[in-house]
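Below is one structure; the comments refer to it alone.
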Amino acid sequence: MRLSKYFLPTLKENPAEAQIPSHTLMLRAGMIRQSASGIYSWLPLGLRVLRKIEQIVREEQDKAGAQELLMPTIQPADLWIESGRHDAYGPELLRIKDRHSRDLLYGPTNEEMITDIFRNGVKSYKELPSILYHIQWKFRDEVRPRFGVMRGREFLMKDSYSFDLDYEGAKRSYNKMFVAYLRTFARMGLKAIPMRAETGPIGGDLSHEFIVLAETGESQVYCHKDYLTMEIPSDDVSYEDDLEPIFEKWTSLYAATEDKYVKEEADVVGNDLISARGIEVGQTFYFGKKYSEPMNVNVTDKEGKKVALEMGSYGIGVSRLFGAIIEASHDDSGIIWPDSVAPFKVGLINLKSGSDDTDKACDDIYAALINAGVEVLYDDRKERAGVKFNNMDLIGLPWQLVIGPRGLANGVVEIKRRATGEKTEMSIEAAIAKLTA
RNA sequence: CGGGGCGUAGCUCAGCCUGGUAGAGCGCUUGCUUUGGGAGCAUGAUGUCGUUGGUUCGAAUCCAGUCGCCCCGACCA
């Protein structure tokens with residue numbers, strides 16, 4: 001992509017409404033714009049990142065055996081009346097009437113709808129277990145939206161739902177999602193720690209919040225410091241194997257949110273206890289028959305008897321992750337995108353646009369990288385060098401490839417690694433080889 | 001929902017107290033000079049001062065209402 005043609009409205013100064021780094025940087029880097037309190041538009045550069053985060057979530061869900069579907073944002077109120085949550089959910093539920101005065105709502109979550117779909121589609125225990133998920137926009141009419149996309153009213157969430165015949169099966173499903181979550185967040189360069197959590201209105205007795213430690217987090221959390229260095233399940237983890245050992249290991253040390261914090265328990269950890277702020281990026285729930293019994297989600301078991309299913313649900317805040325990653329990875333100059341979610345891998349900087357030699361060199365390099373399948377943002381604008389350097393640092397692409405007349409005269413270009421600031425001079429061929437490796 | 005703050009140019013903000021023809025910096029236009037970390041000089045354009053009403057000869061400025069945004073708290077799959 002040529003920057004001269006790319007819609008990238010960056011800001012030189014900090015917008016007044018933003019209070020935390022991720023919000024400020026997302027606005028300054030031209031990734032989002034606010035439409036209303038807690039509601040945002042995603043501009044081209046921001047959307048690229050959102051899609052990458054979403055894709056990592058998707059890949060890990062698929063690996064764990066979950067199947068993707070897509071449910072609508074608008075739901076009929078009937079289902080929610082049936083589950084009892086139409087009243088219970090309160091004013092956070094955005095209620096809508098259509099032209100026929102039918103009651104609808106903008107979904108804040110999808111337990112009712114997935115339950116309805118599943119109960120109509122499954123009749124026998126032989127079709128279990130099953131985990132279904134979708135990645136869809138949600139709306140919760142928060143009393144106080146804040147911190148940009150960290151607590152928005154409209155937000156993108158991945159929600160999975162598991163259906164099993166008995167508790168043992170449900171626990172296996174829970175473990176699959178638990179392991180998938182560990183891997184998902186790690187792939188984005190985040191250290192997310194599973195912590196015992198309240199189940200809230202969802203109910204049930206087994207739940208973990210996955211928390212990324214960050215100064216600007218909304219939750220107070222406590223955990224053993226060894227979580228920060230604990231080994232993440234590898235690429236070749238088999239979801240058909242018993243995952244309980246991994247679950248045990250990752251829940252063996254103390255880790256709790258403020259709600260579950262008990263001083264006497266925490267004190268046992270002693271000097272290894274970390275007390276910090278955290279961002280909740282995911283939560284897992286096992287809630288048994290809470291929905292399946294009232295909503296008649298049954299199958300026929302081996303003995304021919306009707307059995308209500310054991311269910312769990314598992315959420316990841318995709319748009320919130322966007323903010324969490326920036327909170328975890330930025331400096332005074334701007335964002336530092338982890339390679340896995342960067343909007344482009346390489347920022348190609350032409351230090352003297354309009355000059356034949358640098359233009360030609362850049363055009364050639366740009367073509368070579370594109371042909372090799374590398375995502376490149378080419379700053380071909382007629383701007384001063386300083387403007388280009390600062391802009392590139394701000395948007396935080398992992399690699400900068402700097403082409404200037406001075407270097408070309410010596411047959412070299414410069415590669416800068418955004419994360420470390422390390423700069424290396426090398427030949428054009430070597431640079432292309434390095435970036436396409 | 002309680003408490004506080006703020007709405008003036010695309011952005012950051014001054015002006016308001018003490019009413020009298022709308023301002024600065026950055027950005028944008030045009031030209032010249034510059035050109036390896038947010039250039040210099042010159043030039044030009046840009047506003048229902050959030051909105052409605054009131055007071056006044058006269059309101060960005062004073063008063064009342066209203067809408068929006070932000071922060072603290074409560075709340076939070």
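Chain letters run A, B, ... following the sequence lines, proteins first, then strands; residues in each count from 1.
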Could you measure between the two P atoms, the one in B/A22 and the one in B/A59, and give it in whole Å?
11 Å
On a whole-Å scale, what distance lies between the P atoms belonging to B/G5 and B/G65?
15 Å
Identify whether any heavy atom of A/Asp159 sits under 4.0 Å from a base atom; if not, whether one sits that close to sugar-phosphate; answer base, sugar-phosphate or nothing.
nothing
At less than 3.5 Å, do the side-chain atoms of A/Arg151 and the base atoms of B/C76 form a donor-acceptor pair?
yes
Whole-Å distance between B/C69 P and A/His23 NE2?
12 Å
In whole Å, measure the gap between the C1' atoms of B/C6 and B/G58 for me.
28 Å
OP1 or OP2 of B/A39 less than 4.0 angstrom from a side-chain nitrogen or oxygen of A/Arg384, does that happen here?
yes
What nucleic acid atoms does A/Lys158 come within less than 4.0 Å of, heavy atoms only: base, sugar-phosphate, or nothing?
nothing
Identified pairing partner of B/G36, criterion: Watson-Crick or G-U wobble below 3.5 Å
none
Report which part of the nucleic acid A/Tyr314 touches: base, sugar-phosphate, or nothing (heavy-atom distance under 4.0 Å, all strands).
nothing
Pick the closest RNA chain B nucleotide for A/Gly38 and for A/Pro108 by heavy atoms, then say which residue is nearer the 5' end.
A/Gly38
With a 4.0 Å cut-off on heavy atoms, is A/Gly315 in touch with a base, just the backbone sugar-phosphate, or nothing at all?
nothing
Using a 4.0 Å heavy-atom cut-off across all strands, classify A/Lys416 as base, sugar-phosphate, or nothing.
base
